[in-house]
Amino acid sequence: MARRESRFSQQVLVDTTPMPDHIPKVEEIGATSAPLFSAAYFIGDRCRAYNDDFMKCKAEANGRGELECLKEGRKVTRCAASVIKDINTHCLKQFTAHWECLEQNNHRLFDCRKPEVNLNACVFDKLGLKKTIPGAPEDQTPVHLRPQQIFSRYPGRQWQANEDGTPILDKN
């Protein structure tokens with residue numbers, strides 16, 4: 001057994017070294033994990049080109065891309081912040097309902113399908129962004145549109161559907 005007392009640091013460490021001038025400045029997003037998780041597919045839809053540039057830069061840098069890829073990383077951050085801002089402007093009620101559900105349910109998407117359907121519809125109608133899951137089979141119904149979720153704590157339909165399977169959305 002260790003005889004030394006445990007030490008925990010409660011201080012926040014901030015690096016005060018300024019960034020080089022050639023790297024564009026950007027404000028941090030300032031969101032916790034639940035809102036970012038809720039908006040992740042929409043961020044991916046709008047910011048795909050910036051994400052691809054950043055990942056390509058990181059791959060070409062062979063593990064030493066911290067400074068070389070900051071410019072591309074800042075573009076990704078700026079794009080993600082614009083998506084969050086647009087969702088807050090146009091779909092605040094649906095967005096808040098979805099990320100609060102995620103927060104209360106340990107970030108389990110299958111427990112939050114009803115607010116997710118409402119958020120997806122609002123974002124598509126007002127911003128033109130859609131939720132697509134990369135690598136999902138094209139001949140199957142996407143998991144977020146299936147009327148029954150296998151792992152949900154709430155058996156049965158997670159949202160109401162028309163006869164053709166399209167969701168009936170809350171107009172709230």
Side-chain angles (χ1 to χ4, degrees), residues 6-138 140 142-145 149 151:
S6 300
R7 288 186 230 167
F8 297 100
S9 174
Q10 299 298 319
Q11 297 175 342
V12 176
L13 301 176
V14 178
D15 187 3
T16 58
T17 308
M19 295 298 288
D21 290 334
H22 68 281
I23 297 171
K25 308 293 185 252
V26 67
E27 288 292 320
E28 294 298 322
I29 294 177
T32 60
S33 61
L36 289 173
F37 192 47
S38 177
Y41 288 101
F42 307 121
I43 292 170
D45 191 29
R46 183 184 286 174
C47 305
R48 170 167 275 135
Y50 299 116
N51 288 333
D52 290 346
D53 287 345
F54 177 70
M55 296 308 292
K56 182 179 177 187
C57 178
K58 295 283 282 186
E60 290 173 352
N62 292 325
R64 46 185 174 71
E66 286 78 22
L67 281 177
E68 291 84 1
C69 301
L70 275 177
K71 192 174 194 178
E72 289 82 3
R74 297 292 172 105
K75 289 178 185 175
V76 171
T77 303
R78 222 179 267 117
C79 181
S82 75
V83 172
I84 297 287
K85 181 179 180 236
D86 288 347
I87 292 174
N88 278 331
T89 302
H90 299 287
C91 301
L92 180 63
K93 185 176 177 183
Q94 294 89 345
F95 183 49
T96 303
H98 186 243
W99 73 256
E100 283 180 349
C101 179
L102 290 172
E103 188 78 30
Q104 297 300 319
N105 289 294
N106 201 25
H107 289 64
R108 290 187 304 248
L109 288 169
F110 56 82
D111 281 330
C112 300
R113 293 298 183 200
K114 184 173 181 174
E116 180 182 353
V117 168
N118 294 330
L119 174 64
N120 292 347
C122 179
V123 170
F124 181 74
D125 289 343
K126 297 190 177 168
L127 301 176
L129 301 174
K130 62 182 185 289
K131 177 177 181 175
T132 54
I133 300 173
E138 292 184 18
Q140 294 180 9
V143 69
H144 61 283
L145 294 178
Q149 301 296 313
F151 298 109

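Treat the numbers as computed from the prediction; the structure is a model and nothing was measured. The residues of the chain are indexed from 1 along the displayed sequence.
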Any heavy-atom pair between the side chains of C47 and V76 that's under 4.5 Å? no
Scanning both residues in full, the closest heavy-atom pair of I43 with A80 reads CG2-CB, 3.9 Å
Heavy-atom closest contact (G128 atom, D45 atom, distance): O-OD2, 4.4 Å
Roughly how far, to the nearest 0.5 Å, is the CG atom of L36 from the NE2 atom of H107? 9.0 Å
Closest heavy-atom pair, C57 versus E72, reported as atoms and distance to 0.1 Å, is SG-OE1, 3.9 Å
Please examine the side chains of N120 and K130, heavy atoms only from C-beta on, and report whether any two atoms are closer than 4.5 Å. no
I need the C122 SG to H98 NE2 distance, nearest 0.5 Å. 13.0 Å
Could you walk me through whether D86 and K126 pass the salt bridge (charged side-chain N to carboxylate O under 4.0 Å, His left out) check? CA-CA 9 Å; D86 288 347; K126 297 190 177 168; over 6 Å; no
To the nearest 0.5 Å, atom NZ of K56 lies from atom SG of C69 at 11.5 Å
Whether the side chain of N105 engages the backbone of C101 through a donor-acceptor N/O pair (distance < 3.5 Å, no angle test) should be reported. yes
OG1-OH distance between T77 and Y50, expressed to the nearest 0.5 angstrom: 12.5 Å
Verdict with reasoning, F42 to I87, per side chain to side chain contact (heavy atoms under 4.5 Å, CB included): CA-CA 9 Å; F42 307 121; I87 292 174; 4.0 Å; yes
For the backbone of P35 and the side chain of S38, can you confirm whether one donor and one acceptor N or O come within less than 3.5 Å of each other? no
Contact check, side chains of H90 and L127, non-hydrogen atoms, under 4.5 Å: yes
Where is the tightest heavy-atom contact between C79 and S82, given as atom of each residue plus distance? O-OG, 2.6 Å
Using 4.0 Å as the upper bound for N to carboxylate O, is an ion pair formed by R108 and D111? yes
Check whether any side-chain heavy atom of T132 sits under 4.5 Å from a side-chain heavy atom of Y41, and report yes or no. no
Could you tell me which non-hydrogen atom of E116 sits nearest to which non-hydrogen atom of L109, and how far apart they are? OE1-O, 4.1 Å
Gap separating the CG atom of N62 from the CD atom of E68, nearest 0.5 angstrom: 10.5 Å
For Q94 and N118, the nearest pair of non-hydrogen atoms, with its separation, is CG-O, 4.0 Å
Taking atom CD of Q104 and atom CH2 of W99, what is their separation to the nearest 0.5 Å? 9.5 Å
So for atom CD, which belongs to E27, do other residues, nucleotides or ligands contribute more than 12 heavy atoms lying within a distance under 6.0 Å? no
Can you check side chain to side chain contact (heavy atoms under 4.5 Å, CB included) on I84 and F95, steps first, answer last? CA-CA 10 Å; I84 297 287; F95 183 49; 4.3 Å; yes
